[in-house]
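Please read all numbers here as calculations on a predicted model, not as lab measurements. Counting convention: from 1, in listed order, for ligands and their atoms alike. These numbers come from the heavy atoms of this one structure, side chains and all, not from hydrogens, waters or symmetry mates.
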Amino acid sequence: MKAQIGLIGLAVMGQNLALNIARKGYTVSVYNRTASKTREFFESRVKGEPIIPTYDLKDFVESLEKPRKIVLMVKAGSAVDDTIEALLPHLDPGDLIVDGGNSHYLDTERRFKYLSERGILFLGMGVSGGEYGALHGPSLMPGGSRKAYELVEEILMKIAAKTEDGPCCTYIGERSAGHFVKMVHNGIEYAIMQAIAEVYDLMRKVMGMGSFEMADVFEEWNKGELNSFLVEITAKILRKVDEETGKPIVDLILDKAEQKGTGKWTAQAALDLGVPTSSLNLAVVERVISHFKGEREKLSQLLKKERKVVRDDHLLEKLKGALIFSTFLSFSQGVWLMNVASREFGYGLNVSEVLRVWKGGCIIRSKMIDFLREIVTDSGDHLLCDRSTRFLKEYLDDVKEVLKVAQENLVPVPVLSASFNYFLSMTEEKLPANLIQAQRDFFGAHTFERIDKEGAFHLDWWEGVV
Ligand code: 2AM
């Protein structure tokens, strides 16, 4: 009997996805470059699931029913190209490759074209939910041709996370749409994670709260408007004790945040497309700053920060408001980017559907998505409309108070303040860009427009300057 689907790449995500597919009743052939990993996986984790281990790429391909459906779960980058090249001689036109890694959307664009020219169908599929999600139900964001999607739709729907609004999978859009959307998902994820971290920082540095107390607060918040996977895991993290020392583990973790690039790519794409994503960008920058641990240690000696620790439970409510405010704006900036990309790249995105797919399984799943979906149709690209502005205005005093406390105590809050400033700029009729235009014209003769008449103007600014 032939397998209904094949999967290449047996790191944990690949293993878990293979198990998830097999547990839904599909026969899966698996292959990994390093054969020992395949053997080890088969012997240690496969317990009666319909999984066929293969140790040669040709055997792997031959074990699949036609048209073949092959999911790649290999490391993003050249490994995807290497694997595609190795597969090609064994494939027939009409076969399908699904790249389930975190590939850069421009790589997906290139691969889509390359494989289309060879008659091979290709999907670039964002997979979110980490190892747990891969096994129990991820959020899936497949992009490519609809014909390719239809070949695997049934399987994807079965393995995806389920919500009251259906399985967390949909056809995202043309070509690299799936990986673009997954990239933006991660950009939003960076911003929300940083906003939560800033709130945590204020709780410990200006409120003197201990880990368990903070865990209680996050747990409480998770029951209301802030209900989300990231708030939920933050509570769990803060409660976790290191077995060796008996201390909260979070206090023992080095404050250097790593990244795999998706947040940076989001900021790059946003700058390229001319979409303001301040909160997302600043979250990436702050991870970069965190890396300079040695410099920070030295420089912290040069600026002693006096902090008045005040137990003010009142402030907790304000922190909550600031986090709601920043979370909404992180989402809305990401949505704006997706809307512009959809037009620019002809993705044909249905943003409400994208948000639906983010309701379960993925890292940024949260209650707020329902609200976002309600306003997504009656707002412009950017989600700032009558209803959302009224919503944000309710939290404005909280944000102001939080930023004031942060400034007084010299605690950095780049994403909370970026969100605040983004909102102020977006709601400001007059920005000082008139002065910037004058400066540009002064030194570069770039010309400027006027508010009182049509045309492009240039002045000889040096006239009369001695
Ligand atoms: P490996 O076990 O042989 O290293 C995550 O690293 C997954 O990507 C692993 O399954 C790994 O296989 C695979 N991988 C990394 N680089 C690869 C390459 N150049 N070709 C094929 N698979 C690769």
(request) Measure up the Trp265 and His104 rings against each other and bin them: parallel (under 30°), tilted (30 to 60°), perpendicular (over 60°). (result) perpendicular
Pi-cation contact, [Y] with [X] (under 6.0 Å, within 45°):
X      : Y      : value
Arg287 : Tyr190 : yes
Arg39  : Phe41  : no
Arg175 : Tyr347 : no

(message) Using a 4.0 Å cut-off on heavy atoms, what residues surround ligand 1? Order them by chain and number.
(response) Gly9, Leu10, Ala11, Asn32, Arg33, Thr34, Lys37, Val74, Lys75, Ala79, Asp82, Thr83
(request) Provide the closest heavy-atom pair for Ser330 versus Ala191 in the form atom of the first, atom of the second, distance. (result) OG-CB, 3.5 Å
(message) Are Phe180 and Tyr105 an aromatic pair, judged by ring center distance below 6.0 Å?
(response) yes
